[in-house]
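Reading through the structure tokens given below for one structure.
Values reported hereafter were calculated over all heavy atoms of this structure, with side chains retained and with hydrogens, waters and symmetry mates removed. Order of listing sets the numbers, starting from 1, for every ligand and every atom in it. Keep in mind the model is a prediction, meaning the values are calculated, not measured.
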Amino acid sequence: MATLAADPFPIELDLPALGLVVIDMQRDFVEAGGFGASLGNDVGLLRAIIPTTARLIAGFREAGLPVIHTRECHRPDLSDLPPAKRDRGNPALRIGDEGPMGRILIAGEPGADIIPELYPIEGETVIDKPGKGAFYATPFGEVLKAKGLRQLVFAGVTTEVCVQTTMREANDRGFECILATDATESYFPAFKQAAIEMIRAQGAIVGWTATTDQIREALGV
Ligand code: C5J
């Protein structure tokens, strides 16, 4: 056991049951010419967390604890993309359309892949998910069970969309969840701050928050 100096209060970490989930650090969200940029967002905000997220991932690897990556993407035939999702955003560049990095958010296309700076290493699980949450229509829940995980640290983008959705889903399924506040980002700083506050409010109603340094210290790295 190790104590993590988290907010709103410290949490005891059961290290053999702890894993890191890195949500959607994909070129389509973080690089110019991708889906996020096509919606008018400033990807520079998201790029700023790359070094911190890399330190967090390195800490888990060094501690010998699992790192799981997710990618929001769809099948090339779009059979897992409901109109309710496709018909949003920028009508000139929808999910599945051809963009500068291949078809937007389509599995196997360059834009849907994880950015090189945070690329998974051999043995790390990558979950492709058609929804905002990582449990919907994926083997994510079975993977966590098979790895014996009970506590999850979350990083990635965007804080209030796919990160928060997956945290809430995990919390409902009995996992203790910790958000790494400096390894997650939103295109909207106010949304990130609001998500952090709503997650840890009311006695950690969804989970805890901590910085990468605090997490690395608890890992002993
Ligand atoms: C969004 C995500 N924001 N990964 N996806 O559409 O948060």
Below 3.5 Å, N or O to N or O, backbone or side chain included: is there any such pair between E72 and ligand 1? yes

Give the residue and atom name of whichever protein heavy atom lies nearest to atom 2 (C) of ligand 1, and the separation in Å to one decimal. C162 SG, 2.8 Å

Distance filter under 4.0 Å to D24 heavy atoms, resulting ligand 1 atoms: 2 (C), 4 (N)

Of T212, T211, I199, the residue whose pairing with T181 passes side-chain contact (heavy atoms from CB on, under 4.5 Å): T211

Check if K132 has a non-hydrogen atom at a distance under 4.0 Å from any atom of ligand 1. yes

Result for side-chain contact (heavy atoms from CB on, under 4.5 Å) between I68 and one of L20, V22, L144 points to L144

Would you mind reporting whether V153 and F60 have side-chain heavy atoms less than 4.5 Å apart? yes

State the atoms of ligand 1, each with its element, that fall below the 4.0 Å cut-off from a heavy-atom position in V161. 1 (C), 3 (N), 7 (O)

Please check this pair: side chain of H74 against backbone of I106, looking for a donor-acceptor N/O pair closer than 3.5 Å. no

Classify the contact between V163 and ligand 1 as side chain, backbone, both or neither, using a heavy-atom distance cut-off of under 4.0 Å. neither

Subset of ligand 1 atoms that lie under 4.0 Å from at least one heavy atom of V157: 2 (C), 4 (N), 7 (O)

L179 side chain near M167 side chain, heavy-atom distance below 4.5 Å: yes

Taking the six-membered ring of F175 (Phe, Tyr or Trp), confirm whether the NZ or CZ of R150 is under 6.0 Å from its centre and within 45° of its axis. no

For atom 3 (N) of ligand 1, closest protein heavy-atom neighbour: T158 OG1, 3.4 Å

